[in-house]
Structures are given as structure tokens and as C-alpha cells.
Amino acid sequence: MQSSTPSSAPTRRQPKFSMVRRAGNLVFVSGQMAFDEGFRIVGDDVSTQTRVCLENIERHLQTVSLTAAHIVKTTVWLTRVDDFTAFDAAYGEFFGTTKLPARSTVRADLMLPGALVEIEAIAQIGDDEG
């Protein structure tokens with residue numbers, strides 16, 4: 001599946017992977033960092049970076065007519081364990097009263113200096129059975 005991405009969501013030719021890929025009724029969004037349109041990391045704190053990551057995910061989902069409400073699972077990588085509480089608060093604020101996705105969160109070194117969080121998502125097309 002090829003998808004176009006709104007101009008406000010960063011798109012990149014390197015490395016080689018799909019930002020969004022549909023398989024049946026699932027849509028996979030590759031890991032997003034807190035990039036602006038020029039691929040610069042936005043924000044010096046995990047709360048800001050978390051919000052930007054999730055907004056980028058939602059922009060990619062919009063290319064296949066979905067929203068954050070369709071997300072059923074996320075995987076999160078944090079560079080610092082101490083950032084978990086602030087991350088979790090920003091994450092919860094983003095989803096608000098929407099049913100929260102299942103989530104895995106781990107501490108890991110990320111590929112770019114200054115990146116504090118990376119988030120990937122799986123969304124479901126159609127009704128959520130759970």
C-alpha cells in the first residue's frame with residue numbers, strides 16, 4: 001500500500017521503510033520521533049517530545065482515514081527511565097477519554113542525539129472488539 005502523507009508530517013526516504021503500512025484491517029505506523037517538517041527534534045523534554053510523536057502518528061493515520069482513536073497498541077522507547085512519569089502523563093493527556101491502547105514501554109538508546117522518546121503504533125480499521 002502506498003500512501004501520501006500530509007505536508008505537516010515528516011516523510012523521509014532514508015532509511016528504507018514504510019511510514020504507514022496496512023495489512024488486512026490493521027494499520028502499522030513506524031516508530032516516530034519528535035521530528036518537525038525539517039527533521040529536527042522538537043522539544044527538550046519528554047512531555048513535548050511525546051506529544052509531537054503522537055501528533056505525527058495521528059497525521060500518518062489520517063492518510064488512511066483513521067485517527068488516534070483507532071490505535072489499539074503502541075510500543076514506546078524512552079532513553080531515560082526517570083522520564084516515565086512525565087511521558088505517561090503526556091501520553092494520557094493526548095488520548096484523553098479515548099480508550100487507551102495496549103502499550104509496551106522500554107528504556108533504550110535511540111538512534112538520534114536529543115531524542116528522548118520513540119513511539120510506534122498499530123491501529124485497527126473497523127470496530128474494536130475489546
Side-chain angles (χ1 to χ4, degrees):
M1 172 189 99
Q2 293 291 330
S3 64
S4 62
T5 303
S7 62
S8 59
T11 59
R12 186 174 227 177
R13 302 269 185 243
Q14 299 289 333
K16 304 288 188 227
F17 63 87
S18 297
M19 286 288 193
V20 179
R21 178 75 191 258
R22 181 177 175 176
N25 69 336
L26 297 178
V27 175
F28 298 81
V29 179
S30 292
Q32 299 294 303
M33 290 186 188
F35 287 129
D36 64 11
E37 291 179 36
F39 278 92
R40 294 175 297 268
I41 296 290
V42 175
D44 295 330
D45 61 272
V46 76
S47 296
T48 300
Q49 288 194 20
T50 297
R51 180 181 42 77
V52 172
C53 289
L54 291 167
E55 288 169 352
N56 285 340
I57 288 170
E58 188 160 44
R59 284 185 194 101
H60 288 297
L61 288 173
Q62 288 170 354
T63 68
V64 291
S65 302
L66 299 178
T67 69
H70 293 95
I71 298 172
V72 295
K73 170 73 168 80
T74 60
T75 303
V76 179
W77 295 269
L78 295 173
T79 60
R80 302 183 300 226
V81 172
D82 293 344
D83 282 343
F84 179 78
T85 300
F87 153 76
D88 192 54
Y91 184 93
E93 184 178 307
F94 177 83
F95 284 102
T97 59
T98 301
K99 186 185 296 187
L100 290 170
R103 181 180 82 200
S104 300
T105 307
V106 297
R107 205 238 33 105
D109 294 330
L110 297 178
M111 299 303 293
L112 295 173
L116 302 175
V117 60
E118 181 173 352
I119 305 171
E120 70 178 20
I122 302 170
Q124 179 180 357
I125 299 169
D127 292 332
D128 179 7
E129 297 295 324

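For the pair Cys53 and Ala34, the tightest heavy-atom approach, listed with the atom from each and the gap, is SG-N, 3.5 Å. Between Ile41 and Pro113, the shortest heavy-atom distance links the atoms CG1-O, 4.3 Å. Between Ala86 and Val46, the closest heavy-atom pair is CB-CG1, 3.6 Å.
The local environment of CG in Asn25 is crowded, with over 12 non-hydrogen atoms from other residues, nucleotides or ligands closer than 6.0 Å.
Residues Val52 and Ile119 are members of separate hydrophobic clusters, defined by side-chain heavy-atom contacts under 4.5 angstrom among Ile, Leu, Val, Met, Phe, Trp and Tyr. Side-chain heavy atoms closer than 4.5 Å link hydrophobic residues (I, L, V, M, F, W, Y) into clusters, and following such links, possibly through other members, connects Leu100 to Phe94. The cluster map of Ile, Leu, Val, Met, Phe, Trp and Tyr, joined by side-chain heavy atoms under 4.5 Å apart, puts Val42 and Leu110 in different clusters.
Using a 3.5 Å distance cut-off with no hydrogens or angles, the side chains of Thr105 and Tyr91 do not pair a donor with an acceptor.
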(message) If you apply the rule side-chain contact (heavy atoms from CB on, under 4.5 Å), what do you find for Val27 with Arg22, and how did you get there?
(response) CA-CA 4 Å; Val27 175; Arg22 181 177 175 176; 4.2 Å; yes
(message) Please evaluate residues Phe28 and Val20 with respect to the criterion side-chain contact (heavy atoms from CB on, under 4.5 Å), reporting the C-alpha separation (whole Å), side-chain torsions for both, the decisive distance (0.1 Å), and the verdict.
(response) CA-CA 6 Å; Phe28 298 81; Val20 179; over 6 Å; no
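The closest side-chain heavy-atom distance from Gln32 to Met19 is below 4.5 Å. The shortest side-chain heavy-atom distance between Pro101 and Phe95 falls under the 4.5 Å cut-off. You'll find the side chain of Arg103 reaches within 4.5 Å of the side chain of Asp88, heavy atoms only. Side-chain contact check for Val76 versus Phe84: every heavy-atom pair is 4.5 Å or farther apart. Contact check for Arg21 versus Ser30: no side-chain heavy atoms found under the 4.5 Å cut-off.
To the nearest 0.5 Å, atom CG of residue Asp83 and atom CZ of residue Arg107 are 11.0 Å apart. Taking CH2 from Trp77 and CE from Met33, the interatomic distance works out to 9.5 Å, rounded to the nearest 0.5 Å. Once rounded to the nearest 0.5 Å, the distance linking CG of Asn56 with CD of Glu37 reads 9.5 Å. Once rounded to the nearest 0.5 Å, the distance linking CD of Gln49 with CZ of Phe87 reads 12.0 Å. To the nearest 0.5 Å, atom OG1 of residue Thr74 and atom CD of residue Glu120 are 8.5 Å apart. Here the straight-line distance linking atom CD1 of Ile71 with atom CD1 of Ile122 works out to 10.5 Å at 0.5 Å rounding.
In this structure a side-chain-to-backbone donor-acceptor pair under 3.5 Å is present from Asp36 to Arg40. Of the possible polar contacts, none joining the His60 side chain to the Ile57 backbone as a donor-acceptor pair under 3.5 Å is found. When atom types are taken as modelled, the side chain of Glu58 and the backbone of Ala68 share a donor-acceptor pair closer than 3.5 angstrom.
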